[in-house]
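Note that these values count all heavy atoms, side chains included, but never hydrogens, waters or copies made by symmetry.
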Amino acid sequence: MDYEQKAKAVADCLQSYKRDESGWKVCKKSNDVVVSWRPSSEFPGNVYKGEGIVSGSLEKVWECLKPVPNGLRVKWDNNVKKFELLEQITEDISICRTVTPSAAMGIIAPRDFVDVILVKQYEDGTISSNATNVSHPGCPPQSGYVRGFNHPCGCICVPISGEPNKTQVFSFFQTDLGGFLPRSVVDSFFPSSMAEFYSNLAKAVKSLKDL
């Protein structure tokens, strides 16, 4: 499998989601974020977009979001229980396994996901993580976890001109949770969990000492 090619295609895909404003329907608003959705073209589900301004420099926000083992994300993101590096492909591309806890009062069992992840920086200072599902010989499905599949997803951190202590954060989730979940459970889970994601990110950034 050409992991590099697949990862680069995700970055292009997320940028196109960010640019294309048509068809999104707002499903949740909070002080931290506006969450919207539209039908996915990748699988029979939805793609969800979160858009919010986080108080903190881009460096601090990225420090909380960056997809690395032993990073900060497992500490503040309630949906990430464990994050393991399976293989480093290039300096910017890795294959990782993410373990999520049970959710929705136990209706959603623990899951694991195996993704190729590209960290990409842009000339204007934007930095993004871009992920999609892959299979990897080092990580077949394991008992105790339902194997889920992330379709192109990730976070894009955009600097705000003239506001060095604020960062615009876009997040995209389109996840096939696998198993046999009622659609209504999935559709209610993502908007609320994304609102929680932004609220917890804001708190994590605030608690960081000055970098």
Side-chain angles (χ1 to χ4, degrees), residues 5-54 61-62 64-65 67 73 77-80 96 98 100 103-104 107-108 111-120 122 124 126-134 146-160 166-202:
Q5 202 177 349
K6 199 163 185 186
K8 285 172 181 166
V10 176
D12 294 340
C13 180
L14 295 195
Q15 285 295 333
S16 76
Y17 291 160
K18 179 171 163 286
R19 277 194 307 271
D20 177 10
E21 305 212 335
S22 61
W24 296 99
K25 297 184 179 75
V26 173
C27 55
K28 195 164 188 73
K29 273 185 175 180
S30 72
N31 292 338
D32 300 298
V33 65
V34 175
V35 180
S36 42
W37 68 276
R38 70 184 189 195
S40 168
S41 56
E42 304 282 337
F43 80 118
N46 298 328
V47 52
Y48 292 91
K49 171 173 74 169
E51 196 176 337
I53 306 285
V54 177
V61 173
W62 180 248
C64 291
L65 284 173
R73 185 142 174 194
D77 188 340
N78 294 343
N79 287 316
V80 179
C96 296
T98 305
T100 61
I107 299 171
I108 301 176
R111 271 153 171 75
D112 72 346
F113 302 85
V114 175
D115 298 293
V116 60
I117 304 177
L118 163 68
V119 171
K120 184 167 182 181
Y122 295 84
D124 67 351
T126 293
I127 186 163
S128 64
S129 65
N130 309 271
T132 193
N133 73 85
V134 291
V146 176
R147 176 62 51 93
F149 300 94
N150 285 319
H151 295 279
C153 62
C155 295
I156 303 173
C157 299
V158 184
I160 298 174
K166 286 189 176 170
T167 304
Q168 188 174 29
V169 179
F170 292 89
S171 61
F172 297 96
F173 290 88
Q174 52 181 337
T175 302
D176 178 353
L177 288 169
F180 300 97
L181 289 170
R183 186 65 188 269
S184 59
V185 170
V186 176
D187 289 348
S188 65
F189 170 71
F190 277 103
S192 54
S193 82
M194 286 174 70
E196 186 183 45
F197 170 89
Y198 274 83
S199 157
N200 289 343
L201 171 61

Which atom names give the shortest non-hydrogen contact between [X] and [Y], and what distance separates them?
{"X": "S40", "Y": "Q174", "result": "OG-OE1, 2.7 Å"}
{"X": "T167", "Y": "C157", "result": "CG2-CB, 4.0 Å"}
{"X": "T175", "Y": "F190", "result": "CB-CZ, 3.6 Å"}
{"X": "G178", "Y": "V146", "result": "C-CG1, 3.9 Å"}

Could you give the distance from [atom1] ([X]) to [atom2] ([Y]), rounded to the nearest 0.5 Å?
{"X": "H151", "Y": "C13", "atom1": "NE2", "atom2": "SG", "result": "11.0 Å"}
{"X": "L65", "Y": "L201", "atom1": "CG", "atom2": "CG", "result": "5.0 Å"}
{"X": "F173", "Y": "N46", "atom1": "CZ", "atom2": "CG", "result": "14.0 Å"}
{"X": "S129", "Y": "D115", "atom1": "OG", "atom2": "CG", "result": "10.5 Å"}
{"X": "T100", "Y": "N78", "atom1": "OG1", "atom2": "CG", "result": "12.0 Å"}
{"X": "L14", "Y": "F170", "atom1": "CG", "atom2": "CZ", "result": "11.5 Å"}

Legend entry - Member of S171, S36, C27 meeting the side chain to side chain contact (heavy atoms under 4.5 Å, CB included) criterion with K49: S36
Is there a side-chain contact between [X] and [Y], using heavy atoms and a 4.5 Å cut-off?
{"X": "R73", "Y": "P67", "result": "no"}
{"X": "N200", "Y": "D77", "result": "no"}
{"X": "F113", "Y": "C153", "result": "no"}
{"X": "V34", "Y": "Y198", "result": "no"}
{"X": "I156", "Y": "K120", "result": "no"}
{"X": "F189", "Y": "N79", "result": "yes"}
{"X": "V33", "Y": "M194", "result": "no"}
{"X": "T132", "Y": "P152", "result": "yes"}

Short question: side chain of [X], backbone of [Y] - any donor-acceptor pair under 3.5 Å?
{"X": "K6", "Y": "N133", "value": "yes"}
{"X": "D124", "Y": "T126", "value": "yes"}
{"X": "S199", "Y": "A195", "value": "no"}
{"X": "N130", "Y": "L118", "value": "yes"}
{"X": "Y122", "Y": "V158", "value": "no"}

Inset, instruction - Please work out whether the ring planes of F172 and Y17 are parallel, tilted or perpendicular, with thresholds of 30° and 60°. - result: tilted
Legend entry - Worked check of side chain to side chain contact (heavy atoms under 4.5 Å, CB included) between S193 and Y48: CA-CA 11 Å; S193 82; Y48 292 91; over 6 Å; no
Inset, instruction - Please indicate whether D20 has more than 12 foreign heavy atoms, meaning atoms of other residues, nucleotides or ligands, lying under 6.0 Å from its CG. - result: yes
Inset, instruction - May I have the step-by-step check of side chain to side chain contact (heavy atoms under 4.5 Å, CB included) for E42 and V47, ending in yes or no? - result: CA-CA 9 Å; E42 304 282 337; V47 52; over 6 Å; no
